[in-house]
Visitor: 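Structure in structure tokens, see below.
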Amino acid sequence: MSKHHEVVIIGSGPAGYSAGIYAARNGNKPLIITGMEFGGQITKSFDLENYPGFTEKIDGLYLTEQMRKQAEIFGAEILADTVINADLNNRPFTLKTENGEEITADAVIIATGASCKTLGLPNEKKLTGHGVSYCATCDGFFFRDKEVFVIGGGNTAVYEALHLSTVCSKVTVIHRRDHFTAENINQKHFFDTPNCEVIWNSTVEEIVETDGKVSALKVKNTKTGEVTEYPTEGVFIAIGNKPNTEIFANQIELDEAGYIKTKPNLCATNIDGIFGAGDVKNPHFKQVVIAAASGAQAAMEATKYLLSSK
Ligand SMILES: Cc1cc2nc3c(=O)[nH]c(=O)nc-3n(C[C@H](O)[C@H](O)[C@H](O)COP(=O)(O)OP(=O)(O)OC[C@H]3O[C@@H](n4cnc5c(N)ncnc54)[C@H](O)[C@@H]3O)c2cc1C
């Protein structure tokens with residue numbers, strides 16, 4: 001027996017909770033399906049200082065817990081489960097979860113985020129937030145006037161390096177090839193920036209830890225096999241993101257990288273009643289404030305859609 005909700009929100013990051021607050025206040029009695037990561041990616045950060053309204057650093061988990069409570073106060077229901085299957089071709093839309101629930105919905109907001117690709121090194125996870133970062137905009141400021149490293153060679157890596165060059169004393173990019181794959185204009189900016197350098201044909205062998213923090217990188221030259229240790233307190237991993245859209249593929253329109261395609265300036269997708277919100281539809285600006293705004297917009301669009309389809 002399936003349960004029906006007017007609006008179902010998939011994901012409990014800033015986009016999902018914000019959508020929940022708006023949809024609940026609009027009287028749409030939303031269900032938020034949390035997924036494995038309660039509160040989303042920002043719960044990995046203890047030092048969030050760019051979300052408007054707070055003058056001190058806050059813990060990402062604290063922020064998303066406040067969002068969850070706010071959504072619940074207005075009547076959003078929370079289900080701790082993961083969607084494993086979605087039928088978006090028939091109405092009402094049907095979602096199946098890992099715990100065997102079948103849920104139908106008139107409108108669905110997909111806010112499943114985009115996971116950072118990792119290097120897969122032994123210390124990497126443990127040192128995230130202690131010198132390992134995946135976001136220059138988020139964490140660059142903590143390395144003010146210090147020498148940092150960026151791993152990668154595409155547009156993201158070059159953007160991250162350029163961003164860091166404005167706050168850090170030196171930025172060295174480590175890239176496994178002998179050329180960048182970033183657009184030429186970005187490469188030109190990079191090579192014109194005096195405090196940016198690159199080490200070609202190299203991979204990180206080890207992130208060295210001292211007292212629970214990053215203290216150096218061991219870097220292997222893939223041509224010669226030589227390993228060199230570079231002292232540093234900060235390494236930014238910029239090898240891309242993977243949008244969590246596998247279960248929706250072949251149903252809604254995705255771009256070549258797997259991000260949800262939405263109509264210009266909207267969260268509406270190619271299927272009426274299905275909306276994308278937050279990082280899962282935004283390959284460029286992955287920030288809490290942007291994801292929260294996007295969730296709010298998706299919920300407002302969903303309410304409008306429900307009214308128009310009655
Ligand atoms: C380490 C780190 C530090 C960061 N620091 C900052 C910062 O300082 N400032 C800032 O503004 N931004 C920061 N960011 C970026 C910020 O976290 C993201 O932009 C933001 O969390 C995106 O929100 P979202 O809701 O779109 O997606 P996410 O936060 O990624 O949430 C996705 C949600 O979808 C759920 N989900 C996925 N698949 C399913 C499924 N099949 N079924 C049900 N649920 C599912 C997950 O459980 C999760 O709850 C940081 C990111 C990281 C990784």
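Since this is a predicted model, take the numbers as computed values, not measurements. In listed order, ligands and their atoms are each counted from 1.
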Visitor: Decide whether an N or O pair under 3.5 Å exists between Glu37 and ligand 1.
Guide: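 Glu37 vs ligand 1: N/O contact under 3.5 Å present.
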Visitor: Below 3.5 angstrom, do we get any N/O pair linking Ser12 and ligand 1?
Guide: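 Yes: some nitrogen or oxygen of Ser12 is under 3.5 Å from one in ligand 1.
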Visitor: Any idea which atoms of ligand 1 are less than 4.0 Å away from a heavy-atom of Gly11?
Guide: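 In order of numbering, the contacting atoms are 33 (C), 34 (O), 35 (C), 44 (N).
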Visitor: Could you tell me, atom by atom, which parts of ligand 1 come under 4.0 Å of a heavy atom of Asn50?
Guide: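 Contacts of ligand 1 toward Asn50, numbered from 1: 7 (C), 8 (O), 9 (N), 10 (C), 11 (O).
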Visitor: Looking at Ile33, which atoms of ligand 1 are within less than 4.0 Å of one of its heavy atoms?
Guide: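 Going through ligand 1 atom by atom, the ones under 4.0 Å from Ile33 are 43 (C), 44 (N).
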Visitor: How would you list all residue pairs meeting disulfide bond (SG atoms under 2.5 Å apart) that involve residues 136-247, not counting sequence neighbours?
Guide: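 Every pair satisfying disulfide bond (SG atoms under 2.5 Å apart) with a residue in residues 136-247: Cys135-Cys138.
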Visitor: Heavy atoms only, cut-off 4.0 Å: how does Gln41 contact ligand 1, side chain, backbone, both, or neither?
Guide: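 Looking at Gln41 and ligand 1, atoms from backbone and side chain both fall under 4.0 Å.
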Visitor: Enumerate the atoms of ligand 1 whose separation from the nearest heavy atom of Gly35 is less than 4.0 angstrom.
Guide: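 The atoms of ligand 1 under 4.0 Å from a heavy atom of Gly35 are 43 (C), 44 (N), 45 (C), 47 (O).
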Visitor: My understanding is that we take every heavy atom of each candidate and find the minimum distance to atom 34 (O) of ligand 1. Doing that for Thr112, Val8, Leu95, which one comes out nearest?
Guide: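 It is Thr112 that holds the nearest heavy atom.
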Visitor: Going by side chain to side chain donor-acceptor pair (under 3.5 Å), Gln287 matches just one of Asn282, Asn50, Asp279. Which one?
Guide: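 The single option meeting the side chain to side chain donor-acceptor pair (under 3.5 Å) with Gln287 is Asn50.
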Visitor: Quick one: does Thr97's side chain have a donor or acceptor within less than 3.5 Å of a partner on Thr82's backbone?
Guide: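 Side chain of Thr97 to backbone of Thr82, a donor-acceptor pair under 3.5 Å: no, none is there.
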Visitor: Near Lys286, which atoms of ligand 1 are under 4.0 Å from a heavy atom of that residue?
Guide: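 Numbered from 1, ligand 1 contributes 15 (C), 19 (O).
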Visitor: Any chance you could measure Glu49, atom CD, to Asp47, atom CG, to the nearest 0.5 Å?
Guide: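 If we round to the nearest 0.5 Å, Glu49:CD and Asp47:CG are 7.0 Å apart.
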Visitor: If you measure every N or O of Ala15 against every N or O of ligand 1, does any of those distances drop under 3.5 Å?
Guide: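 N/O-N/O distance under 3.5 Å: yes.
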Visitor: Out of Ile151, Asp139, Val132, which residue meets the side-chain contact (heavy atoms from CB on, under 4.5 Å) rule with Phe236?
Guide: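 Result: among Ile151, Asp139, Val132, Asp139 is the only option passing the side-chain contact (heavy atoms from CB on, under 4.5 Å) with Phe236.
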Visitor: Hey, does Thr34 sit under 4.0 Å from ligand 1 if you only count heavy atoms?
Guide: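 Yes, Thr34 has a heavy atom closer than 4.0 Å to ligand 1.
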Visitor: Residues in salt bridge (charged side-chain N to carboxylate O under 4.0 Å, His left out) with Glu229, at least two apart?
Guide: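 For Glu229, no residue satisfies salt bridge (charged side-chain N to carboxylate O under 4.0 Å, His left out) once neighbours in sequence are set aside.
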Visitor: Select the closest option to atom 27 (O) of ligand 1 among Gly113, Gly276, Ser115, Gly40, judged by heavy-atom distance.
Guide: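 The nearest heavy atom belongs to Gly113.
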Visitor: Rounded to the nearest 0.5 Å, how far does CD1 of Ile237 lie from CD1 of Ile174?
Guide: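 Here the rounded value is 10.0 Å.
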Visitor: Once the angle between the rings of Tyr62 and Phe54 is folded into 0 to 90°, is it parallel (under 30°), tilted (30 to 60°) or perpendicular (over 60°)?
Guide: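 It falls in the perpendicular class, over 60°.
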Visitor: Could you please spell out the steps behind the side-chain hydrogen bond (donor to acceptor under 3.5 Å, both in side chains) verdict for Thr210 and Ser215?
Guide: CA-CA 6 Å; Thr210 307; Ser215 58; 2.7 Å; yes
Visitor: Regarding ligand 1, does Leu48 bring an N or O atom to under 3.5 Å of one of the ligand's N or O atoms?
Guide: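 Not met; the criterion fails.
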Visitor: Mind checking whether Phe46 and His130 have parallel, tilted or perpendicular rings, split at 30° and 60°?
Guide: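 Ring orientation of Phe46 relative to His130: tilted.
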Visitor: Show which atoms of ligand 1 fall inside a sub-4.0 Å distance from at least one heavy-atom site of Ala111.
Guide: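 Here the atoms of ligand 1 in question are 32 (C), 33 (C), 34 (O).
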Visitor: Going by a strict under-4.0 Å cutoff (protein heavy atoms only), does atom 2 (C) of ligand 1 have a neighbour on the protein?
Guide: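 Under 4.0 Å from atom 2 (C) of ligand 1, zero protein heavy atoms found.
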Visitor: Checking the N or O distance criterion of under 3.5 Å, is ligand 1 in contact with Val289?
Guide: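 Among all N and O atoms of Val289, none is under 3.5 Å from an N or O of ligand 1.
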Visitor: According to the interplanar angle, ranging from 0 to 90°, do the rings of Tyr305 and Phe275 count as parallel (below 30°), tilted (30 to 60°) or perpendicular (above 60°)?
Guide: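 Correct class here is perpendicular.
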Visitor: Out of all atoms in ligand 1, which are within 4.0 Å of some heavy atom of Val288? Include the element for each.
Guide: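 In order of number, 10 (C), 11 (O), 12 (N), 16 (C), 19 (O).
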Visitor: Does an N or O from Gly278, backbone or side chain, lie closer than 3.5 Å to an N or O of ligand 1?
Guide: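 For ligand 1, there is no N or O atom that lies under 3.5 Å from one belonging to Gly278.
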